[in-house]
2 protein chains.
Amino acid sequence: MTVHAPRRPRPEGPPAGGDTRGALPTVDGAREAMGTRGDAPAEGPYPGSGEDRVPRHGEDVAVGRVTLQTVADHVGVSRMTVSNAFSRPDQLSSELREKILAAADELGYVGPDPAGRALARGATGAIGVLLTKSVRHAFTDPIAAEFFGAVAESLAPTGMAVALLPSGLSTERIPARDIPIDGALIYACAGDSEALSWLRKRRLPLVYVDQAPEGEASSVLLDDRGGARAAARHLVELGHRKVGLIAIDWYGPHGLIADPTVRGTNYVANERVAGWLEGLGGVEVVAVQAQSNAERDAYEGAQLLLDTEDPPTAVLCFSDLMAWGVVHAAHDLGLRVPEDLSVVGFDDSALARSVRPALTTVHQDLVAKGHLAAQLLVSEIARVRAGEPVEARHELLPLQLVVRRSTGPAPA
Amino acid sequence: MTVHAPRRPRPEGPPAGGDTRGALPTVDGAREAMGTRGDAPAEGPYPGSGEDRVPRHGEDVAVGRVTLQTVADHVGVSRMTVSNAFSRPDQLSSELREKILAAADELGYVGPDPAGRALARGATGAIGVLLTKSVRHAFTDPIAAEFFGAVAESLAPTGMAVALLPSGLSTERIPARDIPIDGALIYACAGDSEALSWLRKRRLPLVYVDQAPEGEASSVLLDDRGGARAAARHLVELGHRKVGLIAIDWYGPHGLIADPTVRGTNYVANERVAGWLEGLGGVEVVAVQAQSNAERDAYEGAQLLLDTEDPPTAVLCFSDLMAWGVVHAAHDLGLRVPEDLSVVGFDDSALARSVRPALTTVHQDLVAKGHLAAQLLVSEIARVRAGEPVEARHELLPLQLVVRRSTGPAPA
DNA sequence: GCCGCCTACTGTATCGGTACAGAATTCTTG
DNA sequence: CAAGAATTCTGTACCGATACAGTAGGCGGC
């Protein structure tokens, strides 16, 4: 039998608090290393004597490497008992537990190592959040940020952490594949994302948000379609008979869209457009695809709609930001809002409230969405662990039309 | 010897993709067993012939439980070789590697299990970010959000994930103690946070941000003091001889502060105040502590400063938001900005640029801060792993005074 | 033809814990 | 007072991987 030196010396930081115990790394065929001697409790199968002594698990060969075994040896109990002292207090007398905890503290044992525990328990205590757009987007975009804030907040009491998984650029390390997590939230990612497919392969509990789920996963969706429909009906009720649509992620190049019923790849965009069309019924429609969800692009798109012989009397926009761009374009064309042109936004962001005229828009409860998504995932993870059958749940959150000052009766 | 039933049945989702291979992994001289023997829970129809058979490591007992060993057995190579195929391609012929990868794919083996790998390698690939204020704050506050965005962005190419560690409310699970991470960023946390002390006990590489480091940890700080000093000098140069200060986290209750030199607990607030005082030299100072960093609270604080016999001719504010509140208060008191009152903000947020008058403020490069913090931590982690000595580094990022329209010469 | 050096794999010993069945005692209880 | 039930702790067998030493051929050099 060959004996190997202990690997991974674990380059230590400052030595454990004032603890200058033996050190002597005594590798290989070592005569005893400080802690456990041949007389350690229950050393039964070990003749203890001399040669060929492999440093056994708990032996504190490298200074500072304190594990359950270290503590166990120190107190004179089994490793299992120490584990119980930390993780299942009801399994031992509180007296012994105190003693163990004290010894642990003295030795500088922090508590069960998360990595070891994760392996043994099969759970890590973290859930992933998959982000396809730039990670930064999650923080920068107010809509996304609000959602994530709610998720994190709702997770905090459960003691779970949120791991942001960038859909890596590096080939070497792919967070979605390599980070230990118990489940994940898929947030508005293109379905073909490679990272997503890793998560699916891992067979982790997944909850899709703002995106149609694949496979048997659960989902939390906002009723974008219903909200859009309500917005459209609102215009119809106001008497508008020709309505413009301005959105993103349709198909083809940006500019005027021949057939607005053709669907693109963006789930949310598709739903909103579909809802608009449903709500508008037979009303005449002109549609424009903007280059991006930005005020400037919406401004340009609006020009295509409004700077014509027979412009629409109202415009439905993909976002408040875009609506704001449309309002600007209208003003610059000499149109008053809402007297000459009604404009409807989407999202009910802070902007919608603060600008003049305040925007009629569709409000979404991002906090509820975040809470719901988090809860769904957590309960699903719990269910899987308990061995209970999981069934995918699909939640649809209602949106609300908020009528403010940017819409009015169709001009005569 | 007793036989234990396999624990943790790993409640399976849908069975592995159509693969119903007979399992017979025939490990060392054992007859094969497809399940375990009669002591398993919910045992029933187990034709298990022979005697006591302990399911050995690689045996594919539970359908869907595919590990390195499963693949190894399937291909007929050692487990180690499979591991190398995934993690160290240079260790085997590319021919064999292809074969292994194909088999793995067929068996539905996703790749090395992150938890197992984390334990064996001693690294998880995630870094933590400690948040003391509400987790939500990280997303809601634009300053924090911008910083985190930069951190995440800068980490993405390295393939590391960011784990948000709420400073838990639950006693049971404490993320800072229980989540597997390789290092952490401490972002503007009160020093007494319990979560922080766990991180320190774990002896993880830490980088403090916007907070004086404890122990031997590195830090990234903005030169708040220098920035504040520049802002104060600017006022002095404009001839102001009595200046108001409005900030938060001083000491005692909010309202007028008798001695502005007394320091509070908020590192950033302390530095800014100190910088102001340095820059103001002997100029007369009146100080107010606002209840929070909000426009409304600043508004009320400003009234205390301005609605007096002999008001200051300029006010230095802890943030742009507060400056905006001060501007409002001034207007409502009939004071013009900057003719009658100069106002200086801090942060150079979007607000400072968009309001009228545009605010003179102190610009900070949050993106640089994020990148730097991330890089510092990553390199420190790499150094520790490589066994190289780590030395704490302390970076101080300069701030820049941006003079806009809210400041002017002191009124005669 | 013997030796040393590569290359490609394999064996063994961990990494640091947890689950579960036992075993040793003590406490009930009929 | 003995059998049964609690209460405490211990032993064994993993969780799923990686590090490192070691070994078996193949091959060029002298």
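Remember, it's a predicted structure, so these values are computed and weren't measured experimentally. So you know, we letter chains A, B, ... as the sequences are listed, proteins then strands, and number each from 1.
Below the 3.5 angstrom threshold, one finds no donor paired with an acceptor across the side chain of Arg79(A) and the base of dG16(C).
Atoms CG (Leu92(A)) and C1' (dT7(D)) sit 11 Å apart, rounded to a whole Å. dT23(D) atom C1' lies 15 Å from atom CD of Gln91(B), rounded to whole Å. Rounded to whole angstrom, the span from the CG atom of Leu119(B) across to the P atom of dA13(C) amounts to 18 Å. The separation between Asp73(A) atom CG and dG11(D) atom P is 12 Å, rounded to whole Å. To the nearest angstrom, P of dG16(C) lies 13 Å from CZ of Arg202(B). Atom pair Gln69(A):CD and dT10(D):P shows a separation of 11 Å (rounding to whole Å applied). With rounding to whole Å, Glu95(B) atom CD is found 14 Å from dT7(C) atom C1'.
Within 4.0 Å (heavy atoms only), Ser93(A) reaches sugar-phosphate atoms of the nucleic acid but no base atom. Residue Leu68(A) is classed as a base contact, given a heavy-atom separation below 4.0 Å to a base.
Taking every side-chain heavy atom of Tyr109(B) into account, dA17(D) is the closest of dA19(C), dA17(D), dG16(C). Among the nucleotides dC15(D), dT18(D), dA17(D), the one closest to any side-chain atom of Asp113(B) is dA17(D). Among the nucleotides dC9(D), dT18(C), dG16(D), the one closest to any side-chain atom of Thr81(A) is dC9(D).
Looking at which nucleotide of DNA chain D each of Gly116(B) and Met80(B) is closest to, the 5′-most match is held by Gly116(B). Annotation: of the two residues near DNA chain C, Pro114(A) and Arg97(B), the 5′-most nearest-nucleotide partner is Arg97(B).
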Distance-only donor-acceptor pairs under 3.5 Å for side chains of residues 80-93 of chain A, two or more places apart:
residue, atom, partner, partner atom, Å
Thr81(A), OG1, Ser78(A), OG, 3.2
Asn84(A), ND2, Met80(A), O, 3.4
Ser87(A), OG, Arg117(A), NH2, 2.8
Ser93(A), OG, Leu96(A), N, 3.3

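With Leu165(A) as reference, Ile181(A) is the one residue of Leu185(A), Ile181(A), Asp178(A) to meet the side chain to side chain contact (heavy atoms under 4.5 Å, CB included) rule.
Looking at heavy atoms from C-beta onward, Pro112(A) lies out of side-chain contact with Leu68(A) at the 4.5 angstrom threshold. Counting only heavy atoms from C-beta outward, the side chains of Pro205(B) and Leu377(B) approach each other to under 4.5 Å.
Between Ala217(A) and Leu206(A), the closest heavy-atom pair is CB-O, 3.7 Å. Contact between Gly159(A) and Pro175(B) at its shortest, heavy atoms only, is O-CG, 3.5 Å.
Distances shown here put every side-chain N or O of Thr67(B) at or beyond 4.0 Å from the OP1 or OP2 atom of dG16(D). Applying the 4.0 Å criterion to OP1 and OP2 of dT18(D), one finds that Arg117(B) has a side-chain N or O inside that range.
A heavy-atom distance below 4.0 Å to DNA chain C is reached by these residues of residues 82-90 of chain A, ordered by number: Ser83(A), Ser87(A), Arg88(A).
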side-chain contact (heavy atoms from CB on, under 4.5 Å) evaluation trace for Tyr109(A) with Thr70(A): CA-CA 9 Å; Tyr109(A) 180 71; Thr70(A) 321; over 6 Å; no
